[in-house]
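What follows is a set of notes on a single structure, which appears directly below.
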Protein chains: 2
Amino acid sequence: MKEGPDIAKIGALIGDPARANMLTALMSGKALTVSELAQEAGVGLSTASSHLTKLQDGGLLSQAKQGRHRYFTLAGPEVGEVLEALMGLAAHQGHLRTRTGPKDPALRAARVCYDHLAGDMAVRIFDSLSQRDFVSLDAETSQIALTRDGEAFVERLRIDLHPLKKGRRPVCLTCLDWSERRNHLAGALGAALLTRFQDLGWARREKASRIVHISPVGQQELLKVFPIV
Amino acid sequence: MKEGPDIAKIGALIGDPARANMLTALMSGKALTVSELAQEAGVGLSTASSHLTKLQDGGLLSQAKQGRHRYFTLAGPEVGEVLEALMGLAAHQGHLRTRTGPKDPALRAARVCYDHLAGDMAVRIFDSLSQRDFVSLDAETSQIALTRDGEAFVERLRIDLHPLKKGRRPVCLTCLDWSERRNHLAGALGAALLTRFQDLGWARREKASRIVHISPVGQQELLKVFPIV
DNA sequence: TTCATACTTCGATCCTAGTCGAAGCATTTG
DNA sequence: CAAATGCTTCGACTAGGATCGAAGTATGAA
């Protein structure tokens, strides 16, 4: 009865809502600070600090000190895979979170997922791109890439692809949207698109929140630029 | 901060030691009664009953009433996979149990991992297969596949590959063995191999346990069929 | 019917672990 | 240097939940 690795310890680590929120937030691959994670988890700073040391002691997170910040990331790909598996299981059972408050429709419509757009509009954009074969999806690795047509399209939006391609960060990534349970575009291009939309005045990020306001004009233009047949 | 499926709920379910023991016990694939699981978890009957209803409400277990017994099994293969992933992660971090338990040599030698063989012999089989290039490992995705030679070898064991290939379940998967911390073969083929060994009388599953007995003849034959240079 | 087995429910107890605020430490900025 | 920022530690509080035993329910056997 006492054989095997201690899955209870890891389960308990994931089992606290605050910690689960932190882990979910870190699944983007981005390194986040204690304060950011505290906000993400909806919990005080001291509480967050305590949780993070526990997660680190448990081997789920690793930290990198940089000046007066402490950046946390998932300890490794295995951790991410376990979380993915758990999410899959939870979603599969319809264990979706109970939705809260009137703020939610706004969040549902458009929000920021670290640095790129998520929500209804983001899903629409992704659908439009794939429908017109601007991105190609490799079914095996489930990795996506811009096609030649797609590159031309992006350049027409006056987004310079060269710096993106040179960067360390992958240009195109899919990001599974849990409110929609469908893919949207992440990666360097995803971030660049959001920046471009803001420059054009189509979208505006609400301060200290994840909500993105899309202006009436922006709405109209976005529907035109990203049509769905 | 509130998006995503509720992985905390599932984590909390797995996070209790008693429940984790029960889940681990059920990974054999066998259906177990409340009393058996209570003993397995080292906990009173009423406590076990309470845990089991929680696990069932959480969608991790399903029950089948039969007479005055209530048999519990894992709700589905996804649950088993999540548990395997957790075990792999825990083992990988050296999160082995402090209470060294019965260092049961029988369990170490051969046991069932959900529905395929694990333990010393399973690791040896996997090593033998890779040494002879019967399976190829893609370093990028760390996914494995049968080579042409491997398919021929499997057919010589009189395992019909066609139904396996048609099934939804991947034919070849690696599975990290916690006692050995090395890979062994899982997936549809892993299960088929175990079945075949039982048909040949080489292996016999102990009832209501994860132990697999390998007969002297089976031992001899397996060493012959899966040589290591 | 009567008894035995298998399990559930209830009530009481106990303890872990999450939470916050205040104070302290470390690093960068002015 | 001093002030501000980012984070940790400490102490106190509290709630949730794990546990058990006793009593209750359901099923099968004699």
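Chain naming here is simple, since letters A, B, ... match the order of the sequence lines and numbering starts at 1 in each. Computed from a prediction, not measured in an experiment: that's the story for all the values here. Worth knowing before you read on, the calculation uses all heavy atoms, side chains too, and leaves out hydrogens, waters and symmetry mates.
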Between [N] atom [atom2] and [X] atom [atom1], what is the distance in whole Å?
| X | N | atom1 | atom2 | answer |
| --- | --- | --- | --- | --- |
| A:Q63 | C:dA26 | CD | P | 15 Å |
| B:L52 | D:dT19 | CG | P | 12 Å |
| B:M22 | D:dT19 | CE | C1' | 12 Å |
| B:L32 | C:dA6 | CG | C1' | 15 Å |
| B:D57 | C:dT9 | CG | P | 10 Å |

Query raised in the report: Got a sec, which residues hit side-chain hydrogen bond (donor to acceptor under 3.5 Å, both in side chains) with A:S46, two or more places apart in sequence or on another chain?
Result: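 Residues passing side-chain hydrogen bond (donor to acceptor under 3.5 Å, both in side chains) with A:S46: none at all.
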Query raised in the report: How would you list, by chain and number, every residue that makes a side-chain hydrogen bond (donor to acceptor under 3.5 Å, both in side chains) with B:Q63, sequence neighbours excluded?
Result: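 B:Q63 satisfies side-chain hydrogen bond (donor to acceptor under 3.5 Å, both in side chains) with B:Q56, B:R70 only.
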Query raised in the report: Can you name the residues that form a side-chain contact (heavy atoms from CB on, under 4.5 Å) with A:T33, not counting sequence neighbours?
Result: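 If we apply the side-chain contact (heavy atoms from CB on, under 4.5 Å) test to A:T33, skipping adjacent residues, the hits are A:S35, A:E36, A:H69, A:Y71.
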Query - side-chain contact (heavy atoms from CB on, under 4.5 Å) against A:T53, all qualifying residues, sequence neighbours excluded - result: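 Partners of A:T53 by the side-chain contact (heavy atoms from CB on, under 4.5 Å) criterion come out as none, since no residue qualifies.
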Query - Heavy-atom protein contacts under 4.0 Å, nucleotides 13-18 of chain D, coded B base, S sugar-phosphate only, - none - result: -----S
Query raised in the report: Within the structure shown, what part of the strands sits under 4.0 Å from A:T33 by heavy-atom distance: base, sugar-phosphate, or nothing?
Result: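 It contacts sugar-phosphate atoms only.
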Query raised in the report: Residues two or more places apart in sequence or in another chain: which of them pass ring-ring contact (aromatic ring centres under 6.0 Å, His included) with B:F197?
Result: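 By the ring-ring contact (aromatic ring centres under 6.0 Å, His included) rule, B:F197 matches B:W202.
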